[in-house]
Participant: 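Right, I'll just put the structure down here and ask away after.
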There are 2 protein chains.
Amino acid sequence: MATALNQDQLDQHRLTLINALDQGDADQVQRLCDEELAPVEIAHIMESTPGRVRELLWQFLDEDQQGEVLSHLNDDLQQAFLGQMSAYEILETTQDLDRDDLADMLQQVSPQLSSEVLGLMPPEERARVEGLLAYPEDSAGGLMNTDIITVRADVRLEAVLRYLRRRELPTQLDALWVVDRQFIYVGTLPLVKLLTHSPDTRVRDIMDSEIEGIPAATGENQVAQIFERHDLVSAPVVNDDGTLLGRITIDDVVDVIRDSADHTVMSMAGLDEDQDTFSPVIKSSRNRAIWLGLNMVTAFIAATVMSRFEASIAQIVALAVLSPVVASMGGIAGSQTLTLMIRGMATGHINRDNLRWLVLRELGVGALNGLLWALVIGSITLFWYKDPSLAVVIGAAITINLIVAVLAGATLPFLLKSLNIDPALSGSVILTTITDVVGFLTFLSLATFFLL
Amino acid sequence: MATALNQDQLDQHRLTLINALDQGDADQVQRLCDEELAPVEIAHIMESTPGRVRELLWQFLDEDQQGEVLSHLNDDLQQAFLGQMSAYEILETTQDLDRDDLADMLQQVSPQLSSEVLGLMPPEERARVEGLLAYPEDSAGGLMNTDIITVRADVRLEAVLRYLRRRELPTQLDALWVVDRQFIYVGTLPLVKLLTHSPDTRVRDIMDSEIEGIPAATGENQVAQIFERHDLVSAPVVNDDGTLLGRITIDDVVDVIRDSADHTVMSMAGLDEDQDTFSPVIKSSRNRAIWLGLNMVTAFIAATVMSRFEASIAQIVALAVLSPVVASMGGIAGSQTLTLMIRGMATGHINRDNLRWLVLRELGVGALNGLLWALVIGSITLFWYKDPSLAVVIGAAITINLIVAVLAGATLPFLLKSLNIDPALSGSVILTTITDVVGFLTFLSLATFFLL
């Protein structure tokens with residue numbers, strides 16, 4: 001079965017499969033699932049189709065296929081399918097999967113179902129999976145696999161090779177971990193070195209003792225940064241006293257990077273990155289409704305501010321027409337700063353001490369752009385409404401609002417993070433409230449004061 | 001020199017270095033650069049500080065260090081430093097780097113400087129780098145490294161091992177590529193298999209012939225999807241007739257994934273993902289000004305629409321207060337759909353045939369949420385202004401605007417992509433224009449028609 005490395009090929013497979021399903025050609029579907037499509041492709045196809053087709057497809061997979069496909073599905077879908085299964089079915093389906101994949105899946109089901117599944121396992125295996133579950137999902141301990149191969153520093157390479165030949169080796173192996181008698185991690189032995197040195201070399205002479213172990217409590221984003229920064233393919237995970245617990249491989253880290261980046265994008269629109277793109281209507285609507293509700297509150301807060309100036313607006317209707325311009329300029333400028341800060345924090349470039357420089361820089365940007373656009377918008381207003389005082393007022397309001405907006409955008413993320421609130425999700429709502437309120441307030445009060 | 005795998009350690013190193021620079025302690029800075037800090041750390045520190053400190057730090061690095069640090073810097077900074085160097089200096093500084101890293105750097109400088117550098121190289125090396133430059137930066141050919149190790153299918157493993165021991169091996173090696181006499185790619189030989197099979201096994205008996213080569217013209221995002229989907233650590237790149245050209249390793253793909261996700265986030269705010277977070281004020285202001293200008297045009301288009309109804313607003317000032325509420329609800333709902341679609345397209349889940357289902361689903365979501373919030377906002381309006389007709393009008397406007405917003409959000413990305421325009425960058429501007437204009441138009445015209 002050739003691996004479809006090509007998006008076009010994958011699309012073709014998907015179309016063939018969907019057509020076969022539509023036409024009720026069960027034999028064709030079965031053939032495709034058994035002979036043509038790899039589990040990871042089937043998972044991707046399931047993520048790209050609505051519920052009805054998904055459920056149908058699931059029926060055509062045998063237990064082992066279901067297990068493999070499950071391990072490639074996103075959290076939302078894993079939860080959907082696992083939730084329909086009994087503890088026994090889950091155990092049977094996942095029996096050939098890595099134990100860390102099973103641990104990840106158990107975190108998607110109810111605690112009750114999870115305990116049931118664990119209860120059905122042989123004691124040694126249960127202890128292993130429980131060990132993996134002991135760590136938060138988004139930590140190094142939660143990402144790691146305990147399927148590690150260790151050697152001791154004093155053995156010769158020929159013994160290591162004999163050992164490797166007897167064992168079943170994990171799929172992704174680029175290095176062996178060197179430990180002492182207490183299972184304390186002491187170094188790394190890359191496979192490449194194993195190949196190129198003479199068999200009677202001792203491990204300790206060629207091992208790499210500079211790569212440190214990653215503490216199990218390290219957050220997943222930090223783990224990702226470590227991998228990226230040092231171009232790692234795998235890394236050892238240790239506990240507080242240096243004992244080797246497991247290893248993290250690059251494929252898990254790639255998922256973290258993708259999810260973390262997705263998270264920023266999705267959260268800033270009030271969406272969940274684990275969300276199934278193909279949720280049915282009701283479920284999708286519910287997810288969005290909360291965010292819309294929050295923004296409605298924001299909008300009404302700004303509306304209340306404007307309503308305080310109804311008398312002014314009644315006299316100079318231009319104020320109604322121009323207020324949204326002031327508010328939206330602030331909103332855009334603030335969003336840019338906010339996005340820059342959130343992304344800078346995610347990549348580890350921004351922290352407490354360079355924040356001050358950044359806030360001052362943003363102040364400068366806000367002032368410069370504020371003055372520039374105050375001039376432009378003031379001129380347009382003058383040309384439109386032929387009222388110089390109005391032009392000056394809107395110019396002043398734009399300048400003030402832009403400065404406030406960038407300052408808010410620069411300080412909010414850090415403030416929210418220090419209160420343990422996710423800045424991507426809440427930052428944009430709070431920022432919009434600020435820029436709308438300040439925009440309306442400055443413009444309308446300045447106008448009321450100077451023009452009426 | 002222990003590798004700082006820890007963000008706190010990295011922060012500490014950075015603080016120590018910044019302090020030493022501030023205090024003018026040249027010896028300490030030199031010591032830190034030579035003994036304590038790895039090039040990748042120095043690069044990260046430089047990305048986390050403003051220009052003045054960066055320039056200072058650069059002076060403390062010797063040529064080789066500069067080369068290594070350069071290879072870890074983002075595009076913006078690479079361009080800044082390389083642009084200050086002569087062709088000879090560039091060649092000297094980068095002499096120990098992989099040729100594909102050099103090729104990447106040459107793409108950041110002016111074509112003139114690039115040709116000068118190439119002109120200074122020995123012919124064989126020049127041909128190699130020119131070969132790499134022949135491919136677009138954002139393609140498989142642009143990502144690959146030509147530093148590959150090939151073997152033939154008919155040789156025995158013992159010969160392969162002898163060959164490996166004689167050669168200098170690349171840093172990241174997880175597999176060897178098997179080619180025939182015409183250098184056509186035929187299969188992969190994972191290092192693990194090399195270790196665990198007896199030395200007189202022939203390569204062809206254990207090689208993996210199912211992994212296909214990635215065509216050199218494949219876009220980088222597709223390459224990333226392929227790596228993610230199949231948990232690859234490296235993959236062969238071939239040209240149209242199957243000849244092996246080079247290999248892509250996971251570390252380059254991780255950069256692509258990070259950049260691609262950053263691109264979506266940053267573009268939706270009108271920023272460039274390659275942008276240096278610590279640009280000086282003038283440069284930053286200039287970058288943002290264009291986006292602000294574009295949004296100003298959008299805001300004025302919407303203002304023009306509202307100005308057509310100045311007579312109505314003069315009579316019912318509530319219309320001025322409530323219009324922004326209608327517009328912003330549409331804007332938020334539309335953004336959610338837009339974000340969902342853009343991300344779905346980036347992950348390869350959405351394409352021409354499931355788009356129809358998605359648009360219909362969004363229509364449903366828009367209608368449901370439209371009706372829900374029409375009810376809520378209508379009620380609030382009734383409670384606030386005690387005017388039932390106004391409440392009904394705003395309810396109708398909200399419903400219409402939300403439906404239009406989600407439909408726009410669902411169709412715009414695909415439309416823009418088919419016109420070869422980046423949906424992340426342009427989508428949000430166009431969407432805001434639509435939701436603001438439709439919001440104001442429906443609300444104010446319905447109000448004018450039914451209330452006046």
Side-chain angles (χ1 to χ4, degrees), chain A residues 2-3 5 7 40 47-48 50 164-165 169 173-174 191-192 195-196 210-212 222 226 228-229 231 233 250-251 254 257-258 261 264-265 269 271 277 281 284-285 288-289 292 295 299 303 306-307 310 313-314 317 320-321 324-325 328 332 335-336 339 344 349 354 357 361 364-365 368-369, chain B residues 2-3 5 7 40 47-48 50 164-165 169 173-174 191-192 195-196 210-212 222 226 228-229 231 233 250-251 254 257-258 261 264-265 269 271 277 281 284-285 288-289 292 295 299 303 306-307 310 313-314 317 320-321 324-325 328 332 335-336 339 344 349 354 357 361 364-365 368-369:
Chain A
T3 314
L5 283 199
Q7 182 68 33
V40 66
E47 283 174 345
S48 309
L164 288 180
R165 290 194 184 117
L169 298 175
L173 191 66
D174 71 305
L191 283 193
V192 177
L195 283 174
T196 54
E210 283 173 1
I211 306 286
E212 297 178 5
Q222 262 207 45
I226 290 168
E228 271 184 279
R229 210 170 291 153
D231 290 336
V233 170
I250 184 69
D251 54 307
V254 161
I257 293 174
R258 174 74 80 187
T264 303
V265 155
L271 298 165
T277 314
V281 178
S284 291
S285 304
R288 315 250 192 113
L292 282 168
N295 276 276
M306 202 196 277
S307 69
E310 280 186 10
I313 296 172
V317 189
V321 171
V325 175
S328 78
I332 295 296
S335 292
Q336 288 189 318
T339 303
H349 284 139
N354 52 27
W357 186 90
R361 196 274 306 276
V365 172
L368 269 178
N369 266 314
Chain B
T3 314
L5 281 200
Q7 181 67 33
V40 66
E47 283 174 345
S48 308
L164 290 179
R165 288 195 183 115
L169 299 176
L173 192 65
D174 71 306
L191 282 194
V192 176
L195 283 174
T196 54
E210 284 173 2
I211 305 284
E212 297 177 4
Q222 260 205 47
I226 289 167
E228 271 183 279
R229 210 169 293 153
D231 289 336
V233 170
I250 183 70
D251 54 305
V254 161
I257 292 173
R258 174 73 81 184
T264 304
V265 158
L271 298 165
T277 313
V281 177
S284 290
S285 303
R288 316 253 189 108
L292 282 168
N295 276 277
M306 202 198 275
S307 68
E310 279 187 9
I313 295 172
V317 189
V321 171
V325 175
S328 80
I332 296 295
S335 292
Q336 288 190 316
T339 303
H349 283 140
N354 52 27
W357 187 90
R361 195 275 305 275
V365 172
L368 269 178
N369 266 315

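Throughout, a chain's letter reflects where its sequence line sits, starting with A, and its residues are numbered from 1.
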Participant: With chain B as the partner, which of Leu191(A), Val317(A), Leu164(A), Asp174(A) has the greatest number of non-hydrogen pairs under 4.5 Å?
Facilitator: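 Counting heavy-atom pairs under 4.5 Å, the top option is Val317(A).
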Participant: Which pair of heavy atoms, one from Val325(A) and one from Ala303(B), lies closest together, and at what distance?
Facilitator: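 Heavy atoms of Val325(A) and Ala303(B) come nearest at CG2-CB, 4.0 Å.
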Participant: So Arg361(B) and Pro50(A), do their side chains get closer than 4.5 Å, heavy atoms only?
Facilitator: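 No - every pair of side-chain heavy atoms lies 4.5 Å or more apart.
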Participant: So which of Ser335(A), Ser307(A), Gly364(A) has the biggest tally of heavy-atom pairs under 4.5 Å with chain B?
Facilitator: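 Maximum pair count with chain B is reached by Ser307(A).
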Participant: Go through the steps to decide whether Leu195(B) and Leu169(A) satisfy the test side chain to side chain contact (heavy atoms under 4.5 Å, CB included), and finish with yes or no.
Facilitator: CA-CA 11 Å; Leu195(B) 283 174; Leu169(A) 298 175; 6.0 Å; no
Participant: Can you name the side chain to side chain donor-acceptor pair (under 3.5 Å) partners of Ser328(A), sequence neighbours left out?
Facilitator: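 Per chain and number, Ser328(A) pairs via side chain to side chain donor-acceptor pair (under 3.5 Å) with no residue.
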Participant: Quick one: which of Glu47(B), Glu228(B), Arg288(B) has the most heavy-atom pairs under 4.5 Å with chain A, could you say?
Facilitator: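 Option with the greatest count: Arg288(B).
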Participant: Can you give me the closest heavy-atom contact between Ser285(B) and Val365(A), atom names plus distance?
Facilitator: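 For Ser285(B) and Val365(A), the tightest heavy-atom pair comes out as OG-CA, 3.5 Å.
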Participant: If you compare all heavy atoms of Asn354(B) against all heavy atoms of Ser48(A), which two are closest, and at what distance to 0.1 Å?
Facilitator: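 Heavy atoms only, the tightest pair is ND2-O, 2.8 Å.
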Participant: Tell me which of these, Val254(A), Asn369(A), Ile250(A), Ile257(A), has more heavy-atom pairs under 4.5 Å with chain B than the rest.
Facilitator: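 Among Val254(A), Asn369(A), Ile250(A), Ile257(A), the one with the most close pairs to chain B is Asn369(A).
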Participant: Can you sort out the partners of Asp251(A) under side chain to side chain donor-acceptor pair (under 3.5 Å), two or more places apart, ordered by chain and number?
Facilitator: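 Asp251(A) satisfies side chain to side chain donor-acceptor pair (under 3.5 Å) with Gln172(A), Thr249(A) once adjacent residues are dropped.
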Participant: Using a 4.5 angstrom heavy-atom cutoff, name the option from Asp231(A), Thr264(A), Ile313(A) with the most pairs to chain B.
Facilitator: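 Result: the option with the highest number of such pairs is Asp231(A).
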Participant: Heavy-atom cut-off 4.5 Å, strictly under: side chain, backbone, both or neither for Val233(A) against chain B?
Facilitator: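 For Val233(A), the contact with chain B is made by the side chain alone.
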Participant: Leu292(B) versus chain A, heavy atoms under 4.5 Å apart: side chain, backbone, both or neither?
Facilitator: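 It is both, since atoms from each part get that close.
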Participant: Using a 4.5 angstrom heavy-atom cutoff, name the option from Ser284(B), Ala314(B), Gly344(B), Pro324(B) with the most pairs to chain A.
Facilitator: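 Greatest number of close heavy-atom pairs with chain A: Ser284(B).
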